[in-house]
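Below is one structure, written out as structure tokens; the observations come after it.
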Amino acid sequence: MSKLILVDGNSIAYRAFYALPLLTNSSGIHTNAVYGFAMMLMKILEEEKPTHMLVAFDAGKTTFRHESYQEYKGTRQKTPGELAEQIPLVKELLDVFQIPAYEKENYEADDIIGTLAKASGSQGVETLIVSGDKDLLQLVDEHVRLLLTRKGVTETESYDIPAIKEKYGLTPAQIIDLKGLMGDSSDNIPGIPGVGEKTALKLLAKFPTVEEVIAHVDELPGKKLQEKVREHQEQALLSKKLATIYTEVPLDFGLDHLQLPERDTERIVEFFKKMEFKTLLSRVHKQDHAEKGEAVKNEVDVREVASLSGLEEMVDVFNAGSLALFIETSEDNPHHADIVGLAISDGQTQWYLPWEVAEQSDAVRGWLADEERDKLVYDMKKTQIVLANKGIIAAGLTFDVLLAAYLLDPSESQLELSDIVSRYGNEPIPADEDVYGKGAKRKAITGETLARHLAAKAKAIHHVTPVLKQELAKLDLDQLLFELEMPLASVLAEMERQGVFIDQARLEELGVELKQSLDRLEQEIYELAGVTFNINSPKQLGEILFDKLGLPVLKKTKTGYSTSADVLEKLAPQHEIVDKILHYRQVGKLYSTYIEGLKKEIGADGKIHTRFNQTVTATGRLSSTEPNLQNIPIRMEEGRRIRQVFIPSEPGWHILAADYSQIELRVLAHISEDEQLQKAFKEDKDIHTQTAMDVFGVAEDEVTPLMRRQAKAVNFGIVYGISGFGLARGLDIPQKEAREFIDRYFETFPGVKRYMDSIVERARKDGFVTTLSGRRRYLPAINAKSFGERSFAERTAMNTPIQGTAADIIKLAMVKLAQAMNERKLASRMLLQVHDELIFEVPEAELEEMKELVVAVMEDALPLSVPLSVDVNSGKTWYEAK
DNA sequence: TGTCTCACG
DNA sequence: ACGTACGTGAGACAA
């Protein structure tokens, strides 16, 4: 079976150039477009496995389109020099991959692709077009799909005929009619002024082509629209013509000419080396192995220590200096896991110690617990937990590869050790998935395979550590690692191990109550609907509400009707079933996630041990899993009662909860240096009321509840990186009004406005933003061409320093608190963190001391130019600590 | 496995 | 005209 891939070369190069920061290699050449292009190429080759391929480029300045329309592409800005100089390199890239690049005078890449796609499609050859340009949707047919870049270069969306129908309600042929009506500013195709995508789609739903729209101009809705269509009908027809891809370009070659020869890995490697594409180099090697059915080579030298006597020689090793340690566990969750074995590396030699052997050795235990003997690890929190479960207090863990890699790029989700070592240019090691298999095929490994795999990891930890240290120093992230994240890992390990005690009787009770309520609501809904159906299925629910009961469709999702709460709330007045459904959803969520879900997680000790993940969020916050204890209900009373099941693990103790008040807005006041906002906090005003007073220009007693609610929404919006659209949605008001609120806010708080502008500017210049303690987040999309991607990056640039600094502050408070509690020899225990609050269990006798201590440490954790304020409460349950 | 929905800060 | 509020995790459904 043949499979042809046609790539729109200019479009992908552009995409790559704007999506990636302007990388430069050591000889000063810009390489970002080439890099992005190569990423895309490798991904496609790997995933689609084409047999034939061609990359088309635009040739010259003018095409046959300019004959009918001089201004074609007239608004297009000149290609930036940094991109133009990379085009020959892109062609060289294609050459080493032995993929034909083609261009033809007087035609655009689109036309070449169109001609080939039509020819191959008609022969029934499966054809895939890759581009960032929606225009090419018109080429889709039964055998031709379009892969449209969505975000960056490698994230794509595949379009076939049904997908186009779904998204636009059009056939592929109608795409040119769409362009004819709405135009295309990037190609300077005029269309009909005042007609955008929305209007155009509405018209095409009624009249399938531009010609039909013109013919039925009298039937169009609205006098103004009719006029516009009449006045610009010639222009619309010309636009359609310009948007039509020409599929009869004379080509002097056929499909067989495009067959891909076997890959020449050596040439590719040589080219990537020249370009200094380290990550891609390791991927080529990997793909190469995969193709030959081999795994990444594992040539590690390992000695398996199979008996206690064999451990004697280890004593010298333990005394020798920094050793890398990797502990393999029976499962991912350290609270349930058993230790399988230990791999140790001094950088040259590796030792593997099965746990049955290691646990009997005092030398091993002593080494693990000795603060003076350095151990380099991957995931120190997990290491500490599994060892603590065996009665060993791990000490001397001086470097964590996982935390280091996270700080170097917190957006990176691939943080497995094998990913990290490849990323930082070390010799690759096999990925866990390649060794253990995945999903149902996952299997345990034993014997030498196991020993070698773990040994390779320990060795890799040893080798990658100096590289990571150097990178951290370069970006000034060492302090953050050594003084914040690593100490915090130990604090979190202790919190997780401690766990939260659960009142199981109360949990049962609430469960029975909710189940009854759920059953009753279910019956009432069936009665009102006249049939039984699955209320939890958005599909079936949509059919009942919108088809059977005929409620108006206010919003659609890409798979059908939207039945989300905000839609249902608007429909509630129209039918009494809607409120029942909303209530059913609410109770159903409580029952399945919080009753059944929590029950499953209670251990033999009657406690829940969540895991705080320290390397997930892009902002520096923690996250919580298995179960997530950071989203226990509080907003609605019915759900809030779930908090009654979280109780102290010792009789007579109390739950203490301390939360920062408005920490994000205080952080904003600090970093923006806005005097007005700082004043409000220095005078300890209710910030939403104060905002309402300032923005609406009224006195305190004139602030109505509505005004305060709106001011609150504006404050939220500010923290999220404001947009008129977003605020309009949050407040359910017209966008125009929302924009007026924002304008007035910025007039009142000009420092905030200056901050928002300057942080976006900085992000554009540097490609990243930072928090107060120097944590950084890269924003490659900040210079993207697409409005959507770029705006998203801009909002992120505004939000991340705020959210991230707040995260820094509470993390620092946790480390300092743990230390203070230790020094004072308090029995109280820190149990949970929920972004801006900390939960403890506290003996009666320590209650007052703890309240004072917690408030003091949290408020002084990281002094800002405005005071931080902490509220503290206690009670017999988490519910009561409010 | 992806999508939708909804719980939290 | 463009088209989203920032950051998460989990359960249910439908392929």
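A note on names: the letters A, B, ... follow the listed sequences, proteins ahead of strands, and every chain is numbered from 1.
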For A/His583 and A/Glu638, run side-chain hydrogen bond (donor to acceptor under 3.5 Å, both in side chains): C-alpha distance rounded to whole Å, both residues' side-chain angles, the deciding distance at 0.1 Å, then the answer. CA-CA 11 Å; A/His583 196 194; A/Glu638 201 172 6; 3.2 Å; yes

Kindly say whether, by distance alone, the side chain of A/Asn536 makes a donor-acceptor pair under 3.5 Å with the base of C/dA12? no

If you look at every strand shown and take non-hydrogen atoms under 4.0 Å, does A/Ile634 touch a base, only sugar-phosphate, or nothing? sugar-phosphate

Winner on side-chain proximity to A/Thr593, out of B/dT5, C/dG11, C/dG7, is C/dG11

Look at all strands and tell whether A/Ala807 reaches a base, only sugar-phosphate, or nothing, counting heavy atoms closer than 4.0 Å. nothing

Does a side-chain N-to-carboxylate-O contact under 4.0 Å join A/Lys515 and A/Glu596? no

Would you indicate what A/Ala618 reaches in the nucleic acid, counting non-hydrogen atoms under 4.0 angstrom: base, sugar-phosphate, or nothing? sugar-phosphate

Looking only at side-chain N and O atoms, does A/Ser537 come under 4.0 Å of OP1 or OP2 in C/dA14? yes

Look at A/Ser623 and C/dG9 and indicate whether a side-chain polar atom (N or O) is within less than 4.0 Å of OP1 or OP2. yes

Answer yes or no: does a side-chain N or O of A/Arg795 lie under 4.0 Å from OP1 or OP2 of C/dC6? yes

A/Asn628 side chain: which of C/dA10, C/dG7, B/dC4 is closest? C/dA10

For C/dA15, take OP1 and OP2 only and decide whether either is under 4.0 Å from a side-chain N or O of A/Lys539. yes

Which is it for A/Ser158 and A/Asp160 under the side-chain hydrogen bond (donor to acceptor under 3.5 Å, both in side chains) test, yes or no, and what are the steps along the way? CA-CA 7 Å; A/Ser158 170; A/Asp160 52 12; over 6 Å; no

Minimum-distance nucleotide to A/Ile722 side chain [options: C/dA5, C/dG7, B/dT5]: C/dA5

Span that lies between the P atom of B/dA7 and that of C/dC2, in whole angstrom: 32 Å

Taking atom NZ of A/Lys228 as the centre, report whether more than 12 heavy atoms of other residues, nucleotides or ligands fall under 6.0 Å from it. yes

Once you apply a heavy-atom cut-off of 4.0 Å, does A/Ala713 come out as touching a base, just sugar-phosphate, or nothing? base

When all nucleic acid strands are considered with a 4.0 Å heavy-atom cut-off, which category describes A/Arg729: base, sugar-phosphate, or nothing? sugar-phosphate

Answer with yes or no whether A/Ser564 presents, from its side chain, a donor or acceptor under 3.5 Å of a partner atom in the base of B/dT5. no

Report yes if a side-chain nitrogen or oxygen of A/Thr563 is closer than 4.0 Å to either non-bridging phosphate oxygen (OP1 or OP2) of B/dT5; otherwise report no. yes

Can you tell me how far C1' of B/dC8 sits from CZ of A/Phe646, to the nearest Å? 12 Å

Does the side chain of A/Gln833 come under 3.5 Å of the side chain of A/Gln630 through a donor N or O and an acceptor N or O? yes

With the side chain defined as heavy atoms from C-beta on, A/Thr617 is closest, among C/dA12, B/dA7, C/dT8, to C/dT8

OP1 or OP2 of B/dC4 less than 4.0 angstrom from a side-chain nitrogen or oxygen of A/Thr559, does that happen here? yes

Applying the 3.5 Å cut-off to both distances, the Watson-Crick or G-U partner of C/dC13 turns out to be B/dG2

C/dT4 base stacked by A/Phe792 (centroids within less than 5.5 Å, tilt under 30°): no

Below 30° counts as parallel, above 60° as perpendicular, anything between as tilted: where do the rings of A/Phe646 and A/Trp878 land? perpendicular

What integer distance in Å separates A/Leu541:CG from C/dA12:C1'? 13 Å

Calculate the interatomic distance between A/Glu837 atom CD and C/dG7 atom P; express it in whole Å. 21 Å

Closest to the A/Asn534 side chain: C/dA5, B/dA7, C/dC13? C/dC13

Is there a side-chain contact between A/Arg635 and the phosphate of B/dG9, meaning an N or O under 4.0 Å from OP1 or OP2? yes

Between B/dC6 and C/dA5, how far apart are the P atoms? Round to whole Å, please. 15 Å

Of the listed B/dA7, C/dG7, C/dG11, the closest approach to the A/Lys600 side chain comes from C/dG11

Just checking A/Ser562: base, sugar-phosphate only, or nothing, at a heavy-atom cut-off of under 4.0 Å? sugar-phosphate

Could you please name the option among B/dT5, C/dG7, C/dT8 that lies closest to any side-chain atom of A/Val616? C/dT8

For salt bridge (Lys or Arg N to Asp or Glu O under 4.0 Å), just list the numbers for A/Glu740 and A/Lys736, CA-CA rounded to whole Å, side-chain angles, deciding distance to a tenth of an Å, and then say yes or no. CA-CA 6 Å; A/Glu740 284 166 14; A/Lys736 188 159 174 278; 3.7 Å; yes

